[in-house]
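One structure below.
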Amino acid sequence: KNEVEQSPQNLTAQEGEFITINCSYSVGISALHWLQQHPGGGIVSLFMLSSGKKKHGRLIATINIQEKHSSLHITASHPRDSAVYICAVRSPSGSARQLTFGSGTQLTVLP
Amino acid sequence: NAGVTQTPKFQVLKTGQSMTLQCAQDMNHNSMYWYRQDPGMGLRLIYYSASEGTTDKGEVPNGYNVSRLNKREFSLRLESAAPSQTSVYFCASRTRQITYEQYFGPGTRLTVT
């Protein structure tokens, strides 16, 4: 079973700061997902990565397959970025393409 | 499109009571999932269904049963609720596109007293 570790568990930042959230996993994967859980509980997908780097607006996600590590960066952070960010890895086998989830990073951005 | 819907949003049960959590998706996805989310832990897979008519156990299936009623609907049943089943339950469905992105319902907050 893949072990997925996120750091930090909690992060408080001032508006405008550059934020980095890290994710490491123990076993080879076919892809890694970053998700965002809003304060109201809803979960949405942000990125799916199998190599390299992806960028959506102020969010950038990178993955290093050899080091089994991914980072999620937020540039020019804003209070509306406050949420729980969840890393999940996809097993390369199995018909349902199951995900194993990290426990999440609670981000609070203060105005 | 409503995406993934779940009912109810909140539920309080007494130990030993039964209930069914309902989930439906309108995106024509084959795969559907039930997860539970507990404080300090990642989402854990209870059951999944790779296609209509098939279901399989996930990481934490004990105390639960599921039914894939048709392609749209995937229900989760607690036959005899226990306090350890107090949790937030999420249903999700997955696209077959290359991203294999999962779409989540809004969640059901269940308390068992």
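Sequence lines set the chain letters: A, B, ... in the order given, protein chains first and strands last, and positions in each chain run from 1.
To the nearest 0.5 Å, the span separating SG on A/C87 from OH on A/Y25 amounts to 8.5 Å. Taking OG of A/S82 as the reference point, atom CG of A/L107 lies at 5.5 Å (rounded to 0.5 Å). With rounding to the nearest 0.5 angstrom, the OG1 atom of B/T108 is 7.0 Å from the CE atom of B/M19.
There is no contact between A/L49 and chain B, counting heavy-atom distances below 4.5 Å. Within the 4.5 angstrom heavy-atom criterion, only side-chain atoms of B/L45, from C-beta onward, approach chain A. Contact annotation for B/Y103: neither backbone nor side-chain heavy atoms come within less than 4.5 Å of a heavy atom of chain A.
Counting heavy-atom pairs closer than 4.5 Å to chain B, the top residue among A/L35, A/V4, A/I43 is A/I43.
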Hey, mind stepping through B/R68 and B/T54 against side chain to side chain donor-acceptor pair (under 3.5 Å) and telling me if it holds?
CA-CA 7 Å; B/R68 184 73 183 267; B/T54 68; 6.0 Å; no
